[in-house]
Amino acid sequence: MLDPKRLRADLEGVARQLARRGFELATDRIRDLEAQRKALQVRTQELQNERNTRSKSIGRAKAAGEDIQPLLDEVASLGDKLKAAEADLEQIQAALQEIYLGIPNLPHESVPEGRDEEDNREERTWGEIPRFDFEPKDHVDIGEALGGLDFDAAAKLTGSRFVVMHGQVARLHRALTQLMLDIHTAEHGYSETYVPYMVNSDSLYGTGQLPKFAEDLFHLEDTDYYLIPTAEVPVTNLVRDVILEPDQLPRRWVAHTPCFRSEAGAYGRDTRGMIRQHQFDKVELVQTVRPDESFEALEALTGHAEAILQRLELPYRVVTLCTGDLGFSSTKTYDLEVWLPGQGKYREISSCSNFLDFQARRLRVRWRNPETGKPELLHTLNGSGLAVGRTLVAVLENYQQADGSVLIPEALRPYMGGTDRLTPP
RNA sequence: GGAGAGGUGGCAGAGCGGUUGAAUGCAACGGUCUUGAAAACCGUCGAGGGUUAACGCCCUCCCAGGGUUCGAAUCCCUGCCUCUCCGCCA
């Protein structure tokens with residue numbers, strides 16, 4: 001959520017910045033509601049003040065043994081007036097809240113202008129795109145030939161957009177997770193966290209998935225519980241309603257969880273293979289930092305995610321999302337895109353974002369600023385480090401051999417019992 | 001699942017329905033004292049919001065949401081959470 005004070009003080013300026021990302025701010029309606037809010041709030045508080053004052057004097061009179069009936073008569077109508085004013089105020093505030101919760105974050109000035117992913121800006125590339133002296137297969141063919149990927153079984157057990165993994169491929173999947181967790185904890189200063197895979201709606205409001213993106217979530221019937229779409233939700237919510245001391249900052253967590261996404265609105269896209277699933281594993285990096293350090297932290301965080309790809313020797317590029325492609329809560333996002341020979345293009349494997357105080361305001365994540373002595377909002381960030389399923393896809397496709405086997409990247413071999421190759425049965 | 005107890009400020013812990021946003025202790029911060037520190041003593045010390053140029057004034061918050069009342073941390077209802085005992089279970 002944006003700062004309501006800022007919206008009041010500079011509505012037009014905020015509207016201009018939001019227009020960059022194609023969001024039209026309802027300035028007239030906001031101005032109108034804010035004016036009503038102000039008038040009603042002042043009136044309500046006056047009435048509350050009157051009630052408090054009179055009640056106190058009644059208390060005093062009673063203690064002094066005086067007849068309080070005349071005083072009671074005087075306040076007879078006050079209660080109704082106050083109730084009406086409070087109800088009106090609540091209604092206006094709810095209307096404003098609904099609008100405010102639907103406003104995305106402001107794009108940072110360094111974010112390129114653009115409509116969609118076509119306009120994202122490439123920052124750098126890393127690694128050599130592999131050349132094959134045969135026609136490279138995609139991960140579905142490779143994985144099925146290895147006996148390690150079974151989409152038909154998953155369709156029988158559940159439905160489309162799920163996968164069953166077997167044997168050496170299942171182990172490879174686990175090995176990737178272990179490698180990522182080990183690097184982030186041992187080399188990048190993150191502390192490992194295990195969190196619930198279901199969260200309540202408060203948590204989802206806090207990180208911004210609700211109220212706007214309910215259709216992307218799996219909701220458990222007759223409960224307030226949802227399956228997490230990313231570990232970002234439970235992990236960032238760890239500091240909801242918390243005031244951190246300066247020496248506790250920055251906080252860095254890494255968590256490995258499955259992620260559940262309904263993928264509503266993605267009907268025809270990536271229907272083949274593991275690229276877009278209802279359930280996938282992800283190792284997630286989350287940081288809570290001082291406000292003056294968040295852009296620095298974004299660069300570092302992105303580097304941490306890149307380190308995994310480098311360790312696996314997978315070619316990738318880094319792009320800055322343009323204003324039109326930027327996520328709802330983010331002010332700036334770098335996507336890491338790994339090269340997939342099966343598709344002959346780069347595909348997203350990590351998304352690293354700085355949210356400024358956008359999530360922190362909803363979550364009331366604060367620190368005690370020693371300069372002011374007051375609790376102030378922190379900045380939150382997160383990034384995938386990495387999406388495990390897509391990393392598996394990248395390994396299978398980039399390390400495939402003409403005979404149908406798949407080499408294991410050096411860094412993974414200790415996690416694979418020393419095996420250097422997956423071979424078809 | 002059954003029975004009971006409870007949820008108050010950073011922590012601990014009081015709080016007859018009426019000048020209680022909340023005693024007291026600890027912690028924290030500022031000061032006195034000291035070569036320095038400790039101890040002792042004095043003082044400050046919750047959060048959010050409205051209004052104001054500012055000083056200030058005002059409102060809200062004692063798990064959450066309803067209710068009773070002129071007035072609720074205190075009474076009633078519902079929900080959530082925690083603890084103890086029993087049952088079941090990985």
Side-chain angles (χ1 to χ4, degrees), chain A residues 1-9 11 30-97 99-101 194-206 210 220-226 234 237-249 251 288 357-378:
Chain A
M1 195 164 79
L2 298 175
D3 186 355
K5 282 182 188 158
R6 181 163 179 191
L7 280 160
R8 279 175 228 152
L11 193 57
I30 291 173
R31 221 189 309 275
D32 181 46
L33 283 170
E34 278 291 359
Q36 290 185 56
R37 191 220 94 238
K38 185 166 173 173
L40 270 168
Q41 184 160 355
V42 169
R43 170 163 170 74
T44 303
Q45 292 189 355
E46 279 169 4
L47 287 169
Q48 285 171 330
N49 184 17
E50 190 178 347
R51 176 202 61 196
N52 292 346
T53 319
R54 288 188 182 267
S55 291
K56 277 179 186 170
S57 63
I58 290 173
R60 271 196 299 271
K62 199 174 173 188
E66 296 169 17
D67 178 14
I68 59 169
Q69 192 53 47
L71 293 171
L72 290 182
D73 294 341
E74 275 179 39
V75 297
S77 65
L78 189 60
D80 290 339
K81 274 194 269 184
L82 179 57
K83 267 200 177 113
E86 282 174 341
D88 289 349
L89 178 61
E90 199 176 324
Q91 203 186 330
I92 296 290
Q93 279 177 329
L96 275 169
Q97 185 75 355
I99 292 175
Y100 288 168
L101 284 176
Y194 173 86
V195 290
Y197 302 161
M198 300 176 207
V199 291
N200 57 36
S201 54
D202 283 347
S203 296
L204 289 156
Y205 273 97
L210 288 177
L220 276 73
E221 206 170 351
D222 297 327
T223 70
D224 187 40
Y225 295 169
Y226 295 77
N237 271 275
L238 286 172
V239 279
R240 184 168 94 207
D241 283 312
V242 170
I243 300 174
L244 293 159
E245 296 302 327
D247 62 4
Q248 297 177 285
L249 294 168
R251 300 291 310 262
T288 302
D357 60 11
F358 189 87
Q359 292 182 328
R361 181 168 294 104
R362 293 180 172 213
L363 292 163
R364 296 166 300 278
V365 184
R366 294 170 293 176
W367 71 312
R368 201 169 292 279
N369 184 345
E371 284 175 25
T372 62
K374 291 286 178 191
E376 294 173 10
L377 294 174
L378 287 163

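Letters go in sequence order (proteins before strands), and every chain restarts at 1.
Between A:Glu376 atom CD and B:rA47 atom P there is a gap of 12 Å when expressed in whole angstrom units. Note: CG (A:Leu78) to C1' (B:rC70) measures 9 Å, nearest angstrom. Between the C1' atom of B:rG65 and the CG atom of A:Asp224 lies a distance of 14 Å, rounded to the nearest Å. In this structure, the CG atom of A:Asp241 is 11 Å from the P atom of B:rG10, given to the nearest Å. Atoms CG (A:Asn49) and P (B:rG71) sit 15 Å apart, rounded to a whole Å.
A:Arg54 comes within 4.0 angstrom of no nucleic acid atom, judged by non-hydrogen atoms across all strands. A:Arg368 comes within 4.0 angstrom of the backbone, heavy atoms only, and of no base. Nucleic acid contact for A:Lys62: base, since at least one base atom lies under 4.0 Å from a heavy atom of the residue. Across all strands shown, A:Arg364 has no heavy atoms under 4.0 Å from either base or sugar-phosphate atoms.
Screening A:Leu363, A:Leu244, A:Leu378 for a side chain to side chain contact (heavy atoms under 4.5 Å, CB included) with A:Val239, the sole residue that qualifies is A:Leu244.
In this structure, A:Gln248 places its CD atom where more than 12 heavy-atom neighbours from other residues, nucleotides or ligands lie under 6.0 Å away. More than 12 heavy atoms of other shown residues, nucleotides or ligands fall within 6.0 angstrom of atom CZ in A:Arg51.
Nearest to the side-chain atoms of A:Gln45 among the listed nucleotides B:rG49, B:rA47, B:rC70 stands B:rG49.
Atom name C1', nucleotides B:rG18 and B:rA72: the rounded distance is 10 Å, in whole Å. Across B:rU74 and B:rU68, the matching C1' atoms stand 14 Å from one another, rounded to whole Å. Distance check on atom C1': B:rC29 versus B:rG10 gives 13 Å, rounded to whole Å. Between B:rU32 and B:rG13, the two P atoms lie 36 Å apart (nearest whole Å). When the C1' atom is used for both B:rC55 and B:rA47, the distance is 23 Å, rounded to whole Å.
Applying the Watson-Crick and G-U wobble criteria (two distances, each under 3.5 Å), B:rG1 pairs with B:rC86. Nucleotide B:rA47: paired with B:rU60 (Watson-Crick or G-U wobble, both distances less than 3.5 Å). The partner of B:rC81, taking Watson-Crick or G-U wobble pairs whose two distances both stay under 3.5 Å, is B:rG6.
Taking every heavy atom of both residues into account, A:Tyr100 and A:Glu34 meet most closely at OH-OE2, 2.5 Å.
OP1 or OP2 of B:rG71 has not a single side-chain nitrogen or oxygen of A:Lys56 nearer than 4.0 Å.
Under the 4.5 Å side-chain criterion, counting only non-hydrogen atoms from C-beta, A:Leu47 is not in contact with A:Thr44.
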